[in-house]
Amino acid sequence: MINRIQVTTVFVKDQDKAREFYVHKMGLKSKIDMPDFGWLEVMPDGGETSLSLAKPFPGMPESVIGGPKGIIFNTTDIKADHARLKAAGVQFVQEPTPQPWGGIEARFSDPDGNVFSLVE
């Protein structure tokens, strides 16, 4: 029986820059970091699903890097997290905005132009 999503991949150009962004700016924890193997997984503290930050596999186009990813980070305090992330240098492409479904959403990008949502 399938019971959860373990990991999803976000393609990046440079894993060192990705590590700096996701761990040091966003505050995610490094779950697996094997630079010689090229495997880097990060996740929110207490989370179950992690992000694998990987270079495109041989034969994949560079176009897999960047653009909306359809990945949503949940927060209990969007104002505080938005301020913290912005102070750390995270670039927001949409400020926190009330949504018709009742929540508040902000959108930010990583150094490779991968775009994510932050939702309360």
Joint hydrophobic cluster, [X] plus [Y], side-chain heavy atoms closer than 4.5 Å:
| X | Y | answer |
| --- | --- | --- |
| Val7 | Phe73 | no |
| Ile72 | Val115 | no |
| Met60 | Leu53 | no |
| Val10 | Val119 | no |
| Met43 | Val23 | no |

Note, Leu118 side chain near Leu85 side chain (heavy atom, < 4.5 Å): yes
As an exercise, state the distance from [atom1] of [X] to [atom2] of [Y], rounded to the nearest 0.5 Å.
| X | Y | atom1 | atom2 | result |
| --- | --- | --- | --- | --- |
| Leu28 | Ser50 | CG | OG | 10.5 Å |
| Leu40 | Met34 | CG | CE | 10.5 Å |
| Ser117 | Arg107 | OG | CZ | 4.5 Å |
| Met26 | Phe21 | CE | CZ | 5.5 Å |

Pair Phe108-Val93, side chain to side chain contact (heavy atoms under 4.5 Å, CB included): steps then yes or no: CA-CA 5 Å; Phe108 64 92; Val93 297; 6.0 Å; no
Salt-bridge contact Lys86-Glu95 (side-chain N to carboxylate O under 4.0 Å): yes
Side chain to side chain donor-acceptor pair (under 3.5 Å) evaluation trace for Ser52 with Glu41: CA-CA 4 Å; Ser52 167; Glu41 272 185 59; 5.8 Å; no
Flag for Thr75-Glu120: side-chain donor and acceptor within less than 3.5 Å: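 No - no donor-acceptor pair under 3.5 Å links their side chains.
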Leu51/Thr9 under side chain to side chain contact (heavy atoms under 4.5 Å, CB included): CA gap, chis, key distance, verdict: CA-CA 6 Å; Leu51 294 179; Thr9 301; over 6 Å; no
Looking only at heavy atoms, which two atoms of [X] and [Y] are closest? And how far apart?
| X | Y | answer |
| --- | --- | --- |
| Ser30 | Val42 | CA-CG1, 4.3 Å |
| Pro44 | Lys29 | O-CE, 4.4 Å |
| Gln15 | Ala54 | NE2-CA, 3.9 Å |
| Gln99 | Thr97 | NE2-O, 3.0 Å |
| Gly89 | Lys25 | O-NZ, 4.0 Å |
| Gly66 | Asn114 | N-OD1, 2.8 Å |

Step through the shown structure and confirm whether more than 12 heavy atoms of other residues, nucleotides or ligands are within 6.0 Å of [atom1] on [X].
| X | atom1 | value |
| --- | --- | --- |
| Lys55 | NZ | no |
| Lys31 | NZ | yes |
| Gln94 | CD | yes |

